[in-house]
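Computed from heavy atoms alone, side chains included, the values below leave out hydrogens, waters and symmetry copies.
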Amino acid sequence: MTEKLIKRFLLEKAYEKGAEIATFGEIPFEDVLFEQFKKGEITINEFEFEIWLENLKRNKRSFGWFLKTAGYLKKDDKIYEITDADNVSSINGICLNADKNLIISQAGEGCYSKPYDKSINGHLVINGVYDNQLIYLSRLLRDTNNSFTIGYYGQSNSEYTKRVLEYYKQLRKFLPLLTGNKSINVIEDSVFNGDKIYVLTYKSSPIVQEKVVTKTRHSER
């Protein structure tokens, strides 16, 4: 168990229990829960945590597979991904000959920790909501040649999934301020076993390589 993953686990469980968390309040909320965990005021069932972690890894791989098969991730791309840990990745979990770079960050909306200080030039992938991700998007979009595919893959009956999808629907309204009103493509699908995927893409043209199994599909500009 890493600290970042424990905090995310506690955050997701809180949402499933009906917690109401203020805008930009997720990371401070996680910090409080983690302190309670360290003091023994909160306990974690290790078996439950392991199941949750395997589902998280599966969701990450499924997100990466979806983007690859739809043609949003391409051979020889320079790809950056914001994610929780080296072994919890959407781009490392797929077979793709590309320059892959991970930015390890805490799950949660806000700008609390010191941002990644190296340049981000290429294609940015985000599956979830992470600390400083608006800063990274702003840096990325300074160069009009850069692109992104960002969003979420999760279980449709999860309260956390509903929260993240709502975040991205709100972000969709804000992004034109960063892209100079250039078009953002929106893809919303119900996929395997009713899982949900919601993707915002910018300057990334899909080239379908193999069939992507979906129940419904919606895209708009």
Side-chain angles (χ1 to χ4, degrees), residues 4 8 56-57 59-154 164 167-168 171-189 197-210 212 219-221:
K4 286 183 173 60
R8 175 169 181 162
L56 177 62
K57 290 178 179 179
N59 291 344
K60 290 281 186 176
R61 290 192 302 269
S62 296
F63 187 80
W65 177 85
F66 183 95
L67 298 186
K68 178 189 173 184
T69 55
Y72 288 107
L73 304 182
K74 304 177 183 67
K75 179 182 176 182
D76 299 325
D77 277 353
K78 187 169 187 178
I79 305 174
Y80 293 84
E81 180 187 7
I82 302 172
T83 191
D84 309 77
D86 290 337
N87 64 340
V88 182
S89 167
S90 293
I91 62 174
N92 279 352
I94 59 173
C95 182
L96 181 69
N97 184 17
D99 181 359
K100 302 174 183 178
N101 305 271
L102 299 186
I103 301 172
I104 305 304
S105 189
Q106 181 62 58
E109 182 182 10
C111 299
Y112 290 91
S113 64
K114 183 179 179 180
Y116 178 79
D117 59 1
K118 298 178 182 178
S119 62
I120 303 175
N121 290 306
H123 186 78
L124 181 64
V125 172
I126 309 175
N127 176 14
V129 179
Y130 290 93
D131 192 22
N132 293 319
Q133 75 176 52
L134 289 179
I135 292 175
Y136 300 137
L137 279 167
S138 178
R139 288 181 184 175
L140 180 85
L141 293 172
R142 291 172 188 170
D143 186 335
T144 57
N145 293 317
N146 291 334
S147 58
F148 63 70
T149 47
I150 60 177
Y152 192 63
Y153 184 109
V164 176
Y167 169 87
Y168 272 102
L171 180 62
R172 169 69 184 87
K173 300 174 183 178
F174 169 77
L175 280 173
L177 297 177
L178 299 180
T179 64
N181 288 318
K182 293 180 181 177
S183 62
I184 305 292
N185 198 42
V186 183
I187 298 173
E188 185 172 9
D189 276 292
I197 187 167
Y198 186 87
V199 180
L200 303 177
T201 71
Y202 173 69
K203 280 186 171 288
S204 182
S205 300
I207 304 171
V208 177
Q209 300 168 350
E210 55 188 273
V212 180
S219 63
E220 62 184 32
R221 288 187 180 271

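- Inter-residue side-chain proximity for I120 and I103 is flagged as met; some heavy-atom pair is nearer than 4.5 Å.
- Taking S89 as the reference, E81, I91, N92, L102 meet the side-chain contact (heavy atoms from CB on, under 4.5 Å) condition, with sequence neighbours excluded.
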Note to self: Pair S113, N132 - check side chain to side chain donor-acceptor pair (under 3.5 Å), show working.
What the structure shows: CA-CA 7 Å; S113 64; N132 293 319; 3.2 Å; yes
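- When side chains are defined from C-beta on, F148 counts as touching L141, because their heavy atoms get closer than 4.5 Å.
- The two residues Y202 and S183 have their closest heavy-atom pair at CD1-O, 3.6 Å.
- Looking at every heavy atom in both residues, I135 comes nearest to P115 through CD1-CG, 4.0 Å.
- L73 places a side-chain heavy atom less than 4.5 Å from the side chain of I94.
- Proximity of N185 to L200: side-chain heavy atoms (C-beta onward) are nowhere separated by under 4.5 Å.
- Between the side chain of K182 and the main chain of K203, no donor-acceptor pair closer than 3.5 Å is present.
- In terms of heavy-atom proximity, K4 sits nearest to S105 at CD-O, 3.6 Å.
- To the nearest 0.5 Å, atoms CG (L137) and CD1 (I150) are separated by 5.0 Å.
- Between I104 and D86 there is a side-chain heavy-atom pair separated by less than 4.5 Å.
- The stretch residues 106-131 participates, sequence neighbours left out, in these salt bridge (Lys or Arg N to Asp or Glu O under 4.0 Å) pairs: E109-R163.
- Taking NZ of K75 as the start and CG of D99 as the end, the distance is 14.5 Å to the nearest 0.5 Å.
- Here the CG-CD1 distance, from N59 to I197, works out to 10.0 Å after rounding to the nearest 0.5 Å.
- You'll find the side chain of Y153 stays beyond 4.5 Å of the side chain of V199, heavy atoms only.
- Looking only at distances, a side-chain donor or acceptor of D143 sits under 3.5 Å from a matching main-chain atom of N145.
- In plain terms, the two heavy atoms of K60 and I82 that are nearest each other are NZ-O, 4.4 Å.
- In this structure, CG in L175 is found 11.0 Å from CG in N181, a value given to the nearest 0.5 Å.
- Contact record, Q133 with I126: OE1-CG2, 3.6 Å, taken as the closest heavy-atom pair.
- Donor-acceptor pairing under 3.5 Å is recorded for the side chains of Y130 and D84.
- At least one side-chain heavy atom of I79 sits under 4.5 Å from a side-chain heavy atom of L96.
- Judged purely by atom type and a 3.5 angstrom limit, N146 uses its side chain to pair as donor or acceptor with the backbone of G122.
- With rounding to the nearest 0.5 Å, the separation of CD1 in I184 from CG in L171 is 8.5 Å.
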Note to self: Under the criterion side chain to side chain contact (heavy atoms under 4.5 Å, CB included), I'd like the reasoning laid out for N127 against Y152: C-alpha separation, chi angles, the key distance, then a yes or no.
What the structure shows: CA-CA 5 Å; N127 176 14; Y152 192 63; 3.4 Å; yes
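- Applying the ring-ring contact (aromatic ring centres under 6.0 Å, His included) definition to pairs two or more places apart or across chains, none involves residues 75-125.
- Nearest heavy atom pair, residue T201 against residue Y72, reads CG2-CE2, 3.6 Å.
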